[in-house]
**Q** 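I have a structure here, written as structure tokens, and I will follow up with some questions on it.
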Amino acid sequence: MYGLTPFERTFGVFDPFADFDNGFVKDGKLISSCRTDIREEDDRYIMESELPGFDKQDISIDISGSSLTLKAEHSENNDEKDKDGRYIRRERSYGSYQRSFDISGIDADNISADYKNGILIMVLPKKKPDVPVSRRLEIG
């Protein structure tokens, strides 16, 4: 299937629209973009997206027409105050991802998803091909 590809454009190194800040920092490490592996089996596709550091409730999957959009958002606040209630340290981090995939050859009603150990696994069953109906026309 050619359609199960992200709606992303690849830009040259010097393109002004290129996204060089494609990640966020968590625990002092840069977390890069949502890497997704797609493999084809006989009757389905398996999509595995790496979303480390996200909780299950941080992730949403929306299907609209022939498009599947994967979103993940995470925010964290670390506040430390002294005995008078004044801030000694206050740090905030925020990260979000969004990717869209064309699912025009997929049975969207039967897509399933599971999230374990930072990996979102989606099973996308293929649509069954329509069998052409043949009949004999009677001459009147």
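The analysis underlying the following values was restricted to heavy atoms, covering all of them including side chains, and did not include hydrogens, waters or symmetry mates.
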**Q** Could you list who else is in Val131's hydrophobic cluster, with ILVMFWY side chains joined at under 4.5 Å, directly or through other members?
**A**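 ILVMFWY cluster around Val131 holds nothing else.
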**Q** Side-chain heavy atoms nearer than 4.5 Å, only ILVMFWY residues, links allowed to pass through others: does that put Tyr97 and Ile63 together?
**A** yes
**Q** Of all the heavy-atom pairs spanning Ile106 and Tyr45, show the shortest one and how long it is.
**A**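 Looks like CD1-CD1, 3.6 Å.
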**Q** Would you check, one step at a time, whether the test side chain to side chain contact (heavy atoms under 4.5 Å, CB included) holds for Leu51 with Ile59?
**A** CA-CA 9 Å; Leu51 295 167; Ile59 301 168; 3.6 Å; yes
**Q** List in chain and number order the residues that pass side chain to side chain donor-acceptor pair (under 3.5 Å) with Glu41, two or more places apart in sequence or in another chain; answer none if no residue qualifies.
**A** Arg44
**Q** For Glu73, which residues count as a side-chain contact (heavy atoms from CB on, under 4.5 Å) partner, sequence neighbours excluded?
**A**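 Per chain and number, Glu73 pairs via side-chain contact (heavy atoms from CB on, under 4.5 Å) with Tyr94, Ser96.
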**Q** Quick one: side-chain contact (heavy atoms from CB on, under 4.5 Å) partners of Asp55, sequence neighbours excluded?
**A** Gln57, Asp58
**Q** Between Ile121 and Met47, does a side chain to side chain contact (heavy atoms under 4.5 Å, CB included) hold up when you go through it step by step?
**A** CA-CA 6 Å; Ile121 300 170; Met47 245 172 63; over 6 Å; no
**Q** Can you list the residues that meet the side chain to side chain donor-acceptor pair (under 3.5 Å) rule with Asn110, with sequence neighbours excluded?
**A**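 With neighbours one apart ignored, the set is Asp107.
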**Q** Donor-acceptor pair, Tyr115 side chain versus Phe54 backbone, under 3.5 Å?
**A** yes
**Q** Could you check if a side-chain atom of Met122 sits within less than 4.5 angstrom of a side-chain atom of Glu48, using non-hydrogen atoms only?
**A** no
**Q** I'd like to know whether CG of Asp42 has more than 12 heavy-atom contacts from other residues, nucleotides or ligands below 6.0 angstrom.
**A**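 Atom CG in Asp42 is not crowded, with 12 or fewer foreign heavy atoms closer than 6.0 Å.
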**Q** Grab the two heavy atoms, one from Ser49 and one from Thr36, that are nearest each other, plus how far apart they are.
**A**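 Closest heavy-atom pair between Ser49 and Thr36: OG-OG1, 3.0 Å.
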**Q** Can a donor-acceptor pair be found between the side chains of Ser104 and Ser66 at a distance below 3.5 Å?
**A** no
**Q** Enumerate the residue pairs fulfilling salt bridge (Lys or Arg N to Asp or Glu O under 4.0 Å) with a member in residues 110-136, sequence neighbours excluded, ordered by first and then second residue.
**A** Glu40-Lys126, Asp114-Lys116
**Q** Hydrophobic cluster membership, with links at side-chain heavy-atom distances under 4.5 Å among I/L/V/M/F/W/Y: are Ile119 and Leu124 in one?
**A** no
**Q** Work out which heavy atom in Ser67 is nearest to a heavy atom in Ile103; give both atom names and the distance.
**A**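 In terms of heavy atoms, the two residues are closest at N-CG1, 3.9 Å.
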**Q** By the definition side-chain contact (heavy atoms from CB on, under 4.5 Å), identify the one residue from Ile111, Thr69, Leu70 that meets it with Ile61.
**A** Leu70
